Amino acid sequence: KRFREPVGIRRPWRIWFFDTSKQAIGALFIHFANVFLSTLTKEDPCSLYLMNFLLDATLGMLVIWLAVKLVSKLVEYKQWTLLMFGEYGDPPQAAAWLGQCGIYLLIMVLEKGVISLVLLVPGWSKLQEVLLSYIANPQVELVLVMLIVPFIVNSIMFWVVDSLMMRKYKTMKSLDDSCDSSVKSADSLLWANNEESRV
């Protein structure tokens with residue numbers, strides 16, 4: 001994804017690592033939370049894990065989007081610069097990454113809590129029964145649930161969330177570039193006026 005970013009606003013490797021590592025830590029939390037929740041059922045744990053995962057990728061994405069927007073507004077209002085997603089200072093500071101990572105983990109906890117409450121609604125057990133009932137081989141079911149589906153869905157989620165988390169950084173970079181261009185234009189105009197005055 002980094003190589004598809006426009007050259008003028010392409011993130012340095014260190015910034016890219018800070019951005020994506022937050023998602024990786026959040027994804028690990030969601031994975032282990034889903035594994036734990038899947039052990040609480042008397043039915044097929046694979047189907048419950050898959051159902052949790054698909055809800056995380058749909059309804060959960062909406063919760064993440066709303067939470068990131070809300071946190072970004074709050075951080076901007078309070079002017080906590082280093083807690084703005086994608087902004088780590090100049091030079092980039094690990095403390096800023098740590099603070100943003102903590103906020104993102106809290107958002108993941110909120111998202112998982114919402115999904116867990118949704119699963120308490122009656123009717124999900126019937127969907128759980130039919131979700132993987134057409135797969136007779138348990139090994140194929142395990143590979144599908146733990147490898148194939150997570151790889152595809154996580155790739156999409158990482159792309160979407162990364163775009164959301166780096167948006168402020170891109171905007172700030174664009175504003176900086178615009179300011180630089182304005183300063184250069186003003187300098188050029190001043191120089192031209194001085195030349196005319198001399199003539």
Side-chain angles (χ1 to χ4, degrees), residues 1-36 53 56-116 150-191:
K1 182 180 182 296
R2 179 182 178 273
F3 292 109
R4 294 184 63 86
E5 296 170 9
V7 177
I9 56 174
R10 182 175 295 169
R11 290 168 291 178
W13 282 109
R14 190 174 184 181
I15 300 297
W16 176 86
F17 172 77
F18 279 169
D19 283 344
T20 55
S21 58
K22 288 181 294 190
Q23 287 195 68
I25 293 172
L28 279 175
F29 167 77
I30 293 297
H31 167 73
F32 286 114
N34 287 342
V35 170
F36 171 75
F53 189 80
D56 288 328
T58 51
L59 178 60
M61 281 296 299
L62 178 61
V63 174
I64 293 171
W65 180 79
L66 290 172
V68 168
K69 286 290 186 182
L70 181 61
V71 169
S72 297
K73 291 290 185 183
L74 177 62
V75 167
E76 186 176 358
Y77 175 75
K78 293 290 186 178
Q79 295 184 347
W80 296 331
T81 308
L82 293 182
L83 291 181
M84 292 180 180
F85 287 122
E87 295 290 336
Y88 306 99
D90 187 17
Q93 302 176 28
W97 172 84
L98 193 61
Q100 294 177 33
C101 193
I103 292 174
Y104 188 66
L105 271 177
L106 289 176
I107 291 175
M108 292 296 100
V109 172
L110 171 66
E111 182 270 341
K112 195 68 255 178
V114 171
I115 297 302
S116 299
F151 176 78
I152 296 173
V153 177
N154 271 329
S155 298
I156 299 172
M157 287 180 66
F158 265 63
W159 191 291
V160 173
V161 175
D162 184 56
S163 298
L164 180 64
M165 301 279 278
M166 66 175 283
R167 185 173 299 158
K168 187 65 177 177
Y169 171 76
K170 290 169 66 177
T171 303
M172 293 293 289
K173 290 291 288 181
S174 299
L175 287 174
D176 289 343
D177 292 342
S178 299
C179 290
D180 291 341
S181 299
S182 300
V183 171
K184 289 179 181 178
S185 299
D187 290 342
S188 300
L189 184 60
L190 182 61
W191 180 82

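No experiment lies behind these values; they were computed from the predicted model shown. Note that the numbering runs from 1 along the sequence shown for the chain.
- Here the CD1-CZ distance, from I115 to F53, works out to 12.0 Å after rounding to the nearest 0.5 Å.
- Each salt bridge (charged side-chain N to carboxylate O under 4.0 Å, His left out) pair with one or both residues in residues 88-103, not counting sequence neighbours, would appear here, but there are none.
- For residues 97-112, the set of pairs meeting the salt bridge (charged side-chain N to carboxylate O under 4.0 Å, His left out) definition, not counting sequence neighbours, comprises D56-K112.
- Heavy-atom neighbours of F17 CZ from other residues, nucleotides or ligands within 6.0 Å: at or below the threshold of 12.
- When all heavy atoms of Q23 and Y104 are compared, the pair lying nearest together is CA-CE2, 3.8 Å.
- Taking CD1 from I30 and CE from M108, the interatomic distance works out to 5.5 Å, rounded to the nearest 0.5 Å.
- Taking CG of N34 as the start and CZ of F29 as the end, the distance is 9.0 Å to the nearest 0.5 Å.
- Taken to the nearest 0.5 Å, the CE atom of M61 stands 11.0 Å off from the CG atom of L66.
- From W65, atom CH2 reaches atom CG of L62 across 7.5 Å, with rounding to the nearest 0.5 Å.
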**Asked** Does the pair V71 and F85 meet the rule for a side-chain contact (heavy atoms from CB on, under 4.5 Å), with working shown?
**Response** CA-CA 9 Å; V71 169; F85 287 122; 4.1 Å; yes
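- With sequence neighbours excluded, the residues satisfying ring pair (Phe, Tyr, Trp, His ring centres under 6.0 Å) with Y88 are F18.
- In terms of modelled atom types and a separation under 3.5 Å, the side chain of Q100 and the main chain of D19 share no donor-acceptor contact.
- From C101, atom SG reaches atom CG of L105 across 5.0 Å, with rounding to the nearest 0.5 Å.
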